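This one's a predicted model, so the numbers in the text were calculated from it and none came from an experiment.
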Amino acid sequence: MLSVESLSAGYGPVRALDEVSFEAADGEITAVLGANGAGKTTLLRTISGLVRATAGRVFLAGKDITGRSTEDLPGLGLAHVPEGRGVLAELTVEENLRLGALGGGRRATAEELSRVYGHFPVLEERRDGLAHVLSGGERQMLVIGRALLSRPKVLLLDEPSLGLAPKIVTRIFELLRTLVSSDGLTVVLVEQNARSALSIADRGVVLNLGRVVVRDDADALAGDDALRHAYLGF
């Protein structure tokens, strides 16, 4: 579903990605792992057009999307949930959600909203309240729900567990597995908690200083003691 070929990018003279290649298969979770500064966030930002690629190509369902504007990508089936849980604080929860569909060039249906509320009942309870009163976990649910309303084929998700209670992280990770198995969604998950990420992922990509160290099945990565100790921190 998503193919990254020899992708390079940087910030001024600093090369943050160096010929990164991997594929995220249809209906699977691919975890992108590595230490701080490995290039994980830059990889997602380059795929979604927030950082300009200096070399390489990105293909979505066989279509070259390299260099396409970030605004075009939701309509092509790519949704990106950056780190930071950015919500529009002055809008209600439901108004924030509806923006996801608008990003894809349409309006959210009642059925689609109901489906998101089914995944995140607390959002339905707060649907008419302003987003600024939400907790960190609720904001994470909101930005994921907003992305889902764009009807993505591929969801890029950056550090969804950061700063959240373990119970909330478990709920979000369980939802990702449900979306993959029931809807065929493809997820590329950047996550500092490598153990948790590999527990739900099908495949993994390990980065170090902007380069791919290894690509393999998640179980194989989790079971490789030398790799875990060298790059994954557990």
Side-chain angles (χ1 to χ4, degrees), residues 1-24 29-60 63-74 76-87 103 136 139-140 143-144 147 152 154-164 186-198 201 203-216 218 221-222 224 226-234:
M1 180 57 71
L2 181 73
S3 179
V4 175
E5 299 182 359
S6 300
L7 195 65
S8 296
Y11 304 97
V14 178
R15 176 172 282 196
L17 297 178
D18 191 0
E19 297 189 355
V20 171
S21 297
F22 74 96
E23 292 187 352
I29 297 176
T30 298
V32 179
L33 308 170
N36 288 334
K40 305 185 299 298
T41 292
T42 299
L43 174 61
L44 296 195
R45 289 172 59 84
T46 306
I47 292 171
S48 65
L50 293 170
V51 172
R52 185 179 66 85
T54 56
R57 316 299 294 174
V58 179
F59 296 89
L60 177 64
K63 183 173 185 177
D64 189 348
I65 62 169
T66 315
R68 294 292 295 263
S69 72
T70 302
E71 293 76 14
D72 289 343
L73 295 180
L76 298 175
L78 182 73
H80 181 192
V81 179
E83 179 186 344
R85 303 173 202 133
V87 300
R139 288 187 180 211
Q140 187 66 72
V143 294
I144 293 174
V154 176
L155 176 65
L156 309 179
L157 193 55
D158 194 356
E159 298 283 9
S161 75
L162 190 65
L164 299 185
T186 298
V187 176
V188 179
L189 171 66
V190 161
E191 180 56 60
Q192 191 66 35
N193 188 333
R195 187 192 301 272
S196 295
L198 290 174
R203 305 184 189 281
V205 179
V206 180
L207 298 182
N208 183 51
L209 300 178
R211 287 179 170 269
V212 174
V213 176
V214 64
R215 296 178 292 265
D216 208 338
L221 295 178
D224 187 330
L227 180 75
R228 290 192 295 108
H229 295 319
Y231 298 109
L232 304 182
F234 73 95

* **Test side chain to side chain contact (heavy atoms under 4.5 Å, CB included) applied to D216 and L227, step by step** => CA-CA 12 Å; D216 208 338; L227 180 75; over 6 Å; no
* Asked: Going through the checks in order, is the side chain to side chain contact (heavy atoms under 4.5 Å, CB included) test met by I47 and L2?
  -> CA-CA 10 Å; I47 292 171; L2 181 73; 4.2 Å; yes
* Who pairs with R57 by side chain to side chain donor-acceptor pair (under 3.5 Å), at least two apart in sequence or on another chain? -> D64
* Does a sphere of radius 6.0 Å around CD in E5 hold more than 12 heavy atoms from other residues, nucleotides or ligands, not counting ones at 6.0 Å or beyond? -> yes
* Without swapping roles, check the side chain of T30 against the backbone of R203 for a donor-acceptor pair under 3.5 Å. => no
* H80 and L50: side chain to side chain contact (heavy atoms under 4.5 Å, CB included), yes or no, with the steps? -> CA-CA 10 Å; H80 181 192; L50 293 170; 3.9 Å; yes
* Asked: So, K40 side chain and L207 main chain: donor-acceptor pair closer than 3.5 Å or not?
  -> no
* Any donor-acceptor pair under 3.5 Å linking the side chain of T54 with the backbone of S8? -> yes
* **Any residue meeting side chain to side chain donor-acceptor pair (under 3.5 Å) with R211, in chain and number order, not counting sequence neighbours** => D18
* Quick check: does any side chain N or O of S6 sit under 3.5 Å from a backbone N or O of G56, one acting as donor and the other as acceptor? -> no
* To do: Quickly, which of V212, V206, V190 forms a side chain to side chain contact (heavy atoms under 4.5 Å, CB included) with V32? Name it, please.
  => V190
* Within the side chain of R228, is there an N or O that forms a donor-acceptor pair under 3.5 Å with the backbone of A222? -> yes
* Asked: What residues form a salt bridge (Lys or Arg N to Asp or Glu O under 4.0 Å) with R45, not counting sequence neighbours?
  -> none
* **Any donor-acceptor N or O pair under 3.5 Å, side chains S161, E191** => yes
* Asked: Are any side-chain N or O atoms of S3 and backbone N or O atoms of E23, one a donor and one an acceptor, separated by less than 3.5 Å?
  -> no
* Nearest non-hydrogen partners of A218 and A201, listed with the distance -> CB-O, 3.2 Å
